[in-house]
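See below for the structure under consideration.
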Amino acid sequence: MIEEKIKNLDLEDLLYEVELPLSHVLMKMEQRGIRLDVDFLKTISVDLTQRAKELEKECHELAGMEFNLSSPKQLQHILFEKLELPTSVSRKTKTGFSTDQSVLERLAPLHLLPNRILEHRELNKLLGTYVNALPELVNPDTGRVHTSYLQTVAATGRLASANPNLQNIPIRTERGAEIRKAFIPEDGHSLVSIDYSQIELRMMAHLSGDEALIEAFQQGEDIHISTAAKIFNVKPEEVTKEQRSGVKQVNYGVLFGMREFGLSQRMGISIQEAREFIEGYFGAFPGVKRYIDHLLEDSRKTGMVKTVLGRRRPLPELQSSNRNLVQSGERMAIASAVQGSAADLIKLAMLKLDADIDREQLPYSMLLQVHDELIFEVPEGEEEDSISWIKQRMESAMTLKVPIVADAGYGKNWLEAH
DNA sequence: GCGATCAGCGG
DNA sequence: TGTTCGCTGATCGCG
C-alpha cells in the first residue's frame, strides 16, 4: 500500500503537514490569479516588432541573402559556410555547429551579423514567449492570468509553474524587465514582493556548519565581498569588482557542483586559474568542502539525497560505473540538498502565512511564488504594515544556524515592487 | 499533428 | 566531457 510505503520512508510529516496542506494554498493562488495590463503589452509589442523588423532586414543585407533568423540550421549555414566565420568557437551539436548566445558573442568581434542576430533573438524571445503570448492567457471572466503550480514534477522539491509559467518572467535585461510592468494589482491595491536574500548560500552555511561562512552571514555584510576578502586575504574594502564578481560565480557554482572547466568557461579564465580559485574557496571554507565530501559519500551509499524536511531524491547514477554519470549525479546531489531545503523553507513560510492571514482575517492575497520570492496583493496604505508582518513570518519559518533575511518592496507593478 | 532539436527565460 | 532545475516557442523532419 502507498500509505505503508510513505510511513516506511518516514515521509508522513512531509506529505500530511506540508505538501497536502500546501496544495490548498496553491489552489487559492491559482484561482486568485494576477491582473495583467494587456494594453501596455500591446504597446510594447508594436515597438519591439518594429525594431525586430529593422534587424531582420539588416541581417539579410549583412548575410547577402534572405533567410529565417529563427532557424539555427539556416543561420549555421550563413555564418560558417557563406561568411566562413571560424567554427573553432562553436561546440558541436547533433546537427552541426551551435549558434547559441556564447558562440555569437565570440563571433561578434569578427562580423556585424552575430551582434544583430543576438539583438533579434532577444526581441523575438520576448515577443513570442511573453509580450504576445501572455494576453492570450488572460481569463476573460477575471481579467487575470491564472498559472498552474506543479507540485510533483521537480526532482528537487521545488514548485514548477505552467500555462503560463510565471516563474520565468524576464528581469535581467532592460527590455525584458519592462514586461514586469504589465503585472499589476487590483484597483485600490499594491503589489508587495518579498524575497529571501541569498537563501541557498545561507542554507549551505547551515547544512555545512562551516564556521567562516556562518560568521560571514552573522556579520550581515555583503557575503560575496566578505568571501573574497577571505580568499584573497585582503580587507573587505580592498576587494575589487572583478574579485567580487568571480567569487559570486564560485559561490553559486559550488551549489551546482561546478568544476574547473565550467568555472573557467563562465569566468573567461584558464582552467588552471579556475582550479586555483576553487582551491582558494575550499581553503577558506573547509567546512563546505567536508560537507560536500560527506554528502557525496552518504548519497552514494544510500543511493539518494535528503533535504532538511526529509524529502528524498533517488540518485542511482551515483552507483554507476560511468564516470560522467557519477559526476552528473554528484552535481544533482549537491544541488538537491541545497535547493530542495530552500524549497522546504519557503513552503513552510507559505503555510504559516496562509494560516495566519486566515486566522487574523487580513486582506492580503498571496499571488505568486518564484522559488525564493512571494508576491502579494494588499490594500493601498497597508503596504508597510503587510511587509513587516509577512517578512517576520518568512524570516522565522525555520531556525537555521545563520540569520534568514528577506528583502521587500512594493509598487503599482511587479517591476516597481521588486 | 507529433516529436526531436535548438535556443533562452528565471531562481 | 563539461553547472542545477523546469517551461515555452520556433523550426524541421516524419508521417
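Protein chains get the first letters and strands the later ones, always in sequence-line order, with residue 1 at the start of each.
With sequence neighbours excluded, the residues satisfying side chain to side chain contact (heavy atoms under 4.5 Å, CB included) with A:Gln50 are A:Glu54. For A:Leu22, the side chain to side chain contact (heavy atoms under 4.5 Å, CB included) partners are A:Glu19, A:Val25, A:Leu26, A:Gln151, A:Leu159, A:Lys347, A:Met350, A:Leu351, not counting sequence neighbours.
Across all strands, A:Glu200 comes closer than 4.0 Å to no nucleic acid atom at all (heavy-atom distances). Using a 4.0 Å heavy-atom cutoff across all strands shown, A:Ser336 reaches no nucleic acid atom at all. A:Leu263 comes within 4.0 angstrom of nothing in the nucleic acid, heavy atoms only. A:Ile334 comes within 4.0 angstrom of nothing in the nucleic acid, heavy atoms only. When heavy atoms are screened at a 4.0 angstrom cut-off, A:Arg121 is found touching the sugar-phosphate backbone but no base atom. Here A:Thr99 lies in heavy-atom contact (under 4.0 Å) with sugar-phosphate atoms only. Residue contacts for A:Arg331: at a heavy-atom cut-off of 4.0 Å it reaches the sugar-phosphate backbone alone, with no base atom in range.
By the 30° and 60° cut-offs, the orientation of the rings of A:Phe232 relative to A:Phe277 is perpendicular.
Here C:dG2 presents its P atom at 13 Å from CZ of A:Arg259, a figure rounded to the nearest Å. Regarding A:Ile199, its CD1 atom lies at a distance of 20 Å from the P atom of C:dC5, rounded to whole Å. C:dT3 atom P lies 15 Å from atom CD of A:Gln339, rounded to whole Å. For A:Ile346 and C:dC5, the CD1 to P distance is 20 Å, given to the nearest whole Å.
The closest side-chain donor-acceptor pair between A:Ser102 and A:Asp100 falls under 3.5 angstrom.
Going from the C1' atom of C:dT4 to that of B:dA4 covers 23 Å, rounded to whole Å. Taking the P atom of each, C:dT3 and B:dC6 are spaced 15 Å apart, rounded to whole Å.
Ion pairing between a basic and an acidic side chain is recognised when a charged N comes within 4.0 Å of a carboxylate O; A:Lys181 and A:Glu178 show such pairing. Of the charged side-chain nitrogens involved, at least one lies within less than 4.0 Å of a carboxylate oxygen, so that A:Asp356 and A:Lys352 count as a salt-bridged pair.
Residues from residues 63-74 of chain A that place a heavy atom under 4.0 Å from any atom of DNA chain C, listed by number: A:Asn68, A:Ser70, A:Ser71, A:Lys73, A:Gln74. Less than 4.0 Å separates DNA chain C from no heavy atom of any residue of residues 386-399 of chain A.
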message: Show, in sequence, the C-alpha distance, side-chain angles and deciding distance for A:Arg121 and A:Thr99, and conclude whether the side-chain hydrogen bond (donor to acceptor under 3.5 Å, both in side chains) test is met.
response: CA-CA 11 Å; A:Arg121 283 240 180 103; A:Thr99 66; 3.0 Å; yes

field: Test side-chain hydrogen bond (donor to acceptor under 3.5 Å, both in side chains) applied to A:Glu373 and A:Gln369, step by step
entry: CA-CA 6 Å; A:Glu373 172 188 17; A:Gln369 190 253 43; over 6 Å; no

Check against side-chain hydrogen bond (donor to acceptor under 3.5 Å, both in side chains), A:Gln327 and A:Glu317: CA-CA 8 Å; A:Gln327 287 191 357; A:Glu317 298 94 324; over 6 Å; no

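Ring centers of A:Phe376 and A:Tyr364: at least 6.0 Å apart, outside the cut-off.
Checked against A:Glu186 for a side chain to side chain donor-acceptor pair (under 3.5 Å), the options A:Arg144, A:Arg35, A:Arg32 give a single hit: A:Arg144. Each of A:Glu377, A:Glu382, A:Glu383 was checked for a side chain to side chain donor-acceptor pair (under 3.5 Å) with A:Ser190, and the lone residue meeting it is A:Glu383.
Within the 3.5 Å criterion, the main-chain N or O of A:Ser197 finds a donor-acceptor partner in the side chain of A:Arg202. Checking side-chain atoms of A:His120 against main-chain N and O of A:Leu55 turns up no donor-acceptor pair under 3.5 Å.
Interface limits on DNA chain B: the 5'-most and 3'-most nucleotides within less than 4.0 Å of chain A heavy atoms are B:dT5 to B:dG11.
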Atom pairs, N/O to N/O, protein against nucleotides 6-9 of chain C, distance under 3.5 Å?
{"unit_1": "C:dG6", "atom_1": "OP1", "unit_2": "A:Val153", "atom_2": "O", "d": "3.0"}
{"unit_1": "C:dG6", "atom_1": "OP1", "unit_2": "A:Ala155", "atom_2": "N", "d": "3.0"}
{"unit_1": "C:dC7", "atom_1": "O4'", "unit_2": "A:Asn165", "atom_2": "ND2", "d": "3.0"}
{"unit_1": "C:dT8", "atom_1": "OP1", "unit_2": "A:Asn163", "atom_2": "N", "d": "2.7"}

